[in-house]
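Take a look at the following structure, please.
The model shown is predicted, which means the values in this text are computed figures rather than measured ones.
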Amino acid sequence: MLSLPPEDRSLSPYTGWTRAHWEALADGLLAAVEPYRSADGATIRLPGRASWSDCDGLEGFARTFLIAAFRVAGGGPAELLQPYRRGFVSGPGVWPAVADRFQPMVEAASLALGLWLTREQLWDTLTDAERERLGAYLATVFDHEPAPNNWWLFPVIVGGFLAGVEVEEEAARAAIERGLARIEDWYAGDGWYTDGDNRGFDHYNGWALHFYPVLYGLLSGVSMPGHESRLRMFLESYALMFGAHGEPLYQGRSMTYRFATLASLMLGAVTGRTPLSPGATRRLASGSVRYFLEHDALSAENLMTMGWFGQDEATLQPYSGSASPYWAAKAFVGLLAPADHPLWTATEEPGPAGLAALAGPGLIVQNRDGVARVLNHGIRHDRDDPLYDRYAYSTHTGPTTVADIPDNHFGLVGADGTAAPRGVLKPGGAGRRGEIAWAASITDGVESVSVLRGTVEVRVHRVAAGSRVRQTGWALPGATAQVDNLSVALTAPDRLRSRLTGLHGYDTAAALEATEGTAFGSPALVPALDGVTEDGWTVSLAVLGDGDDPMDIRVEVGAHRVTVVWPDDERLTITSRGPQE
């Protein structure tokens with residue numbers, strides 16, 4: 001079992017965790033992987049499945065080295081670097097070669113970042129010949145094409161380090177300029193980037209697209225005001241995407257990186273580019289790590305498991321291998337804040353709550369009653385993918401798998417009885433009026449609007465008259481169901497509730513079983529509404545929470561518009577052009 005210091009409930013009334021806990025966690029993770037280090041020290045191949053690149057030994061070395069580097073750069077014992085020093089001497093002769101769009105380019109960035117952080121303790125202690133071989137290996141990054149996404153930032157970090165140690169300086173500075181220029185095409189506003197030439201908004205915003213440019217500026221001493229202001233703006237909405245106990249939003253790929261989701265929060269605290277108080281940052285960060293440790297993120301041997309709540313194949317991608325979860329190393333960037341920094345000395349405070357409508361990425365973000373949710377009218381990946389194409393995501397639920405009934409989905413029902421995938425998405429904007437937020441989108445044959453007030457979401461869709469349709473709601477593992485006319489109520493063992501109620505355009509309601517469940521457990525129930533809409537409009541209410549929510553919302557449906565009317569007579573009218581302010 002992981003050995004941790006006693007809790008300090010005076011300094012940290014919510015989690016009990018202090019900087020000493022973070023240091024102990026880092027030390028425990030490093031100690032656990034040592035038995036799997038190769039004799040030459042250059043690879044750490046952990047038990048478990050191999051990734052499709054089969055670069056898992058290098059991945060294990062590079063990602064755990066980053067933990068050691070943050071620990072030592074933050075004042076930890078330099079002895080933690082000694083096993084890695086051996087590996088850096090022999091590694092250039094045994095590591096897989098860098099190639100176009102090939103995994104070693106990713107790991108080269110972690111190698112370079114760690115060397116940059118610990119230059120005096122490691123790089124400067126190598127012989128001239130050892131530095132020449134290692135520098136030549138890292139510089140091969142400049143000769144190859146990154147994948148068309150956040151990978152463009154890996155040569156930026158390698159370039160920043162090599163330029164600082166006077167290795168391939170011209171090529172290094174060119175790579176920095178290329179990479180930083182490339183991501184400008186992907187900036188969508190509100191602090192958010194797409195992860196490439198798509199609408200793939202996900203956690204790569206925090207643990208890559210903001211992380212590397214701001215760290216490059218910090219370590220190189222280069223002023224990066226644009227990237228620093230974008231980080232602050234990003235954290236205004238991103239910090240809302242954590243539950244009351246630090247649970248991250250479950251959405252997007254690479255979720256097995258788990259508490260890497262904290263990287264941008266911690267970097268914001270280190271650099272001062274954050275809207276959060278130090279106590280709120282630490283509450284979210286320490287709470288998040290505790291959350292995962294309490295849900296089987298570590299095996300009995302203190303190795304990181306591959307999944308979310310322990311092992312979970314559905315959480316993984318083909319590029320996921322046994323060492324992939326150690327991308328979580330990025331959370332330890334917080335250790336760059338010294339022990340007397342307010343990040344570690346301020347009393348813990350609750351994380352932020354609130355509501356945001358983000359026109360750039362096309363999202364509504366809400367944090368209320370301990371649950372964070374995102375209503376999605378702007379995320380679209382390269383293909384239909386449960387991690388990107390659902391209408392809603394939360395910190396307390398996960399999407400069902402591609403083989404099961406889709407949760408939080410709307411689609412036209414075909415002859416085979418299945419609902420069509422969401423299809424190619426065109427964002428229709430997002431906005432806010434007081435406590436009401438809305439977002440809209442158009443997909444193949446469907447115009448959609450989500451309206452959120454309190455914890456009640458109104459889902460409005462317009463399709464061709466006479467279409468058979470299906471709307472589903474939030475999936476809950478292990479839930480019990482109550483179906484009453486056109487309303488389905490699910491209650492999970494932890495008392496979390498999901499409700500879906502049809503107001504217009506639906507004929508039947510049911511609780512459907514998703515046998516493979518979600519990352520939070522299996523099997524799961526999914527509330528569903530079916531019907532044939534005579535006039536082309538469908539309206540439903542969806543709720544996720546643990547309290548009683550007012551459901552006496554009514555709608556007025558006309559030929560060309562739907563008006564949502566709340567009990568206090570607050571109104572919002574929706575037409576084919578979206579909500580009318």
Side-chain angles (χ1 to χ4, degrees), residues 355 357 364 366 368 373 375-377 391-392 408-413 419 422 428-443 445-474 483-490 497-510 527-545 548-581:
L355 177 68
I364 298 172
Q366 184 198 60
R368 180 178 172 131
R373 77 199 75 215
L375 308 185
N376 169 28
H377 288 267
Y391 280 87
N408 286 323
H409 179 68
F410 178 87
L412 303 178
V413 177
R422 192 169 185 181
R432 182 177 174 185
R433 190 184 75 198
E435 62 182 9
I436 300 172
W438 63 268
S441 60
I442 300 173
T443 56
V446 182
E447 299 169 355
S448 301
V449 179
S450 295
V451 181
L452 185 65
R453 187 184 186 197
T455 58
V456 182
E457 177 193 350
V458 184
R459 299 178 174 182
V460 181
H461 305 281
R462 191 183 189 192
V463 297
S467 298
R468 180 170 292 279
V469 296
R470 177 173 300 139
Q471 172 76 68
T472 58
W474 301 94
V483 181
D484 182 17
N485 295 324
L486 288 179
S487 185
V488 183
L490 306 181
R497 296 197 298 175
S498 163
R499 286 194 282 174
L500 183 66
T501 301
L503 297 186
H504 184 85
Y506 298 105
D507 305 321
T508 62
L529 301 169
D530 280 82
V532 176
T533 173
E534 295 182 0
D535 57 9
W537 289 104
T538 70
V539 186
S540 62
L541 304 180
V543 176
L544 177 70
D548 293 323
D549 301 283
M551 301 295 289
D552 50 348
I553 296 171
R554 61 186 177 88
V555 293
E556 299 170 354
V557 181
H560 304 291
R561 67 187 61 217
V562 168
T563 300
V564 182
V565 185
W566 284 271
D568 60 0
D569 207 35
E570 184 77 45
R571 293 168 175 257
L572 185 71
T573 297
I574 300 165
T575 72
S576 60
R577 296 182 180 179
Q580 305 300 298
E581 296 290 352

Rounded to the nearest 0.5 Å, what's the gap from CG on Leu355 to CD1 on Ile364? Could you check?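 With rounding to 0.5 Å, CG (Leu355) is 7.0 Å from CD1 (Ile364).
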Check whether any side-chain N or O of Arg453 sits under 3.5 Å from a backbone N or O of Thr455 as a donor-acceptor pair, and report yes or no.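 No.
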Listed partners of Arg470 passing salt bridge (Lys or Arg N to Asp or Glu O under 4.0 Å), at least two apart: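 Only Asp530 meet the salt bridge (Lys or Arg N to Asp or Glu O under 4.0 Å) criterion with Arg470.
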Which atom pair, heavy atoms only, marks the closest approach of Asp507 to Gly531?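 Result for this residue pair: OD2-CA, 3.3 Å.
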Between Thr538 and Phe410, is there a side-chain heavy-atom distance shorter than 4.5 Å?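 Counting from C-beta outward, Phe410 and Thr538 do come under 4.5 Å.
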Is there a side-chain contact between Val449 and Val458 (heavy atoms, below 4.5 Å)?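 Contact flag for Val449/Val458 side chains = no.
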How long is the straight-line distance from CG of Leu572 back to CZ of Arg433, given to the nearest 0.5 Å?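 Reported value, rounded in 0.5 Å steps: 5.5 Å.
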Are Ser441 and Arg422 packed together at the side-chain level, in the sense that at least one heavy-atom pair is separated by less than 4.5 angstrom?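 Ser441 vs Arg422: side chains touch.
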Nearest atoms (heavy-atom pairs only) where Arg459 meets Thr472: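 Looking at all heavy atoms of both residues, the shortest contact is NH1-O, 2.9 Å.
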Test of understanding: with ring-ring contact (aromatic ring centres under 6.0 Å, His included), list the residues that count as partners of Tyr391, not counting sequence neighbours.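 Counting only residues at least two positions away or on another chain, Tyr391 forms a ring-ring contact (aromatic ring centres under 6.0 Å, His included) with His377, His461.
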Given the rule in the side chain to side chain contact (heavy atoms under 4.5 Å, CB included) test, do Leu529 and Val469 qualify, once you have shown the distances and angles that lead to the verdict? CA-CA 8 Å; Leu529 301 169; Val469 296; over 6 Å; no
Roughly how far, to the nearest 0.5 Å, is OG1 of Thr508 from CG of Leu486?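 Atom-to-atom, Leu486:CG and Thr508:OG1 are 7.5 Å apart.
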Working to the nearest 0.5 Å, report the span between CD of Glu435 and CZ of Arg368.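 It comes to 7.5 Å.
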Distance-minimising heavy-atom pair for Gly428 and Trp438: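 Minimum heavy-atom separation between Gly428 and Trp438: O-CZ3, 4.1 Å.
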All N/O donor-acceptor pairs, side-chain side in residues 555-567, below 3.5 Å, sequence neighbours left out:
residue	atom	partner	partner atom	Å
Glu556	OE1	Arg571	NH1	3.2
Glu556	OE2	Arg554	NH1	3.0
Glu556	OE2	Arg571	NH1	3.4
Thr563	OG1	Thr573	OG1	3.0

Taking all atoms of both residues into account, what is the closest heavy-atom pair of Val488 and Ala528, and its distance?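 For Val488 and Ala528, the tightest heavy-atom pair comes out as CG2-O, 4.1 Å.
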Looking at OG of Ser448 and CZ of Arg462, how far apart are the two atoms once the value is rounded to the nearest 0.5 Å?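 Atom-to-atom, Ser448:OG and Arg462:CZ are 12.0 Å apart.
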Between the side chain of Ser467 and the main-chain N/O of Ala464, is any donor-acceptor distance below 3.5 Å?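 Checking the backbone N and O of Ala464 against the side chain of Ser467, a donor-acceptor pair under 3.5 Å is found.
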Pairwise distance CD1(Ile574) to CD(Glu447) - rounded to 0.5 angstrom: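 Rounded to the nearest 0.5 Å, the CD1-CD separation comes out at 11.5 Å.
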Mark yes when over 12 heavy atoms from residues, nucleotides or ligands other than Glu534 sit less than 6.0 Å from its CD; otherwise mark no.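 Atom CD in Glu534 is not packed in, count stays at 12 or less.
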Closest non-hydrogen atom pair between Gly473 and Leu500, with its separation: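 Between these two residues, the closest heavy atoms are N-CD2, 3.7 Å.
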Where is the tightest heavy-atom contact between Ser498 and Trp474, given as atom of each residue plus distance?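 So the minimum-distance heavy-atom pair works out to OG-O, 2.8 Å.
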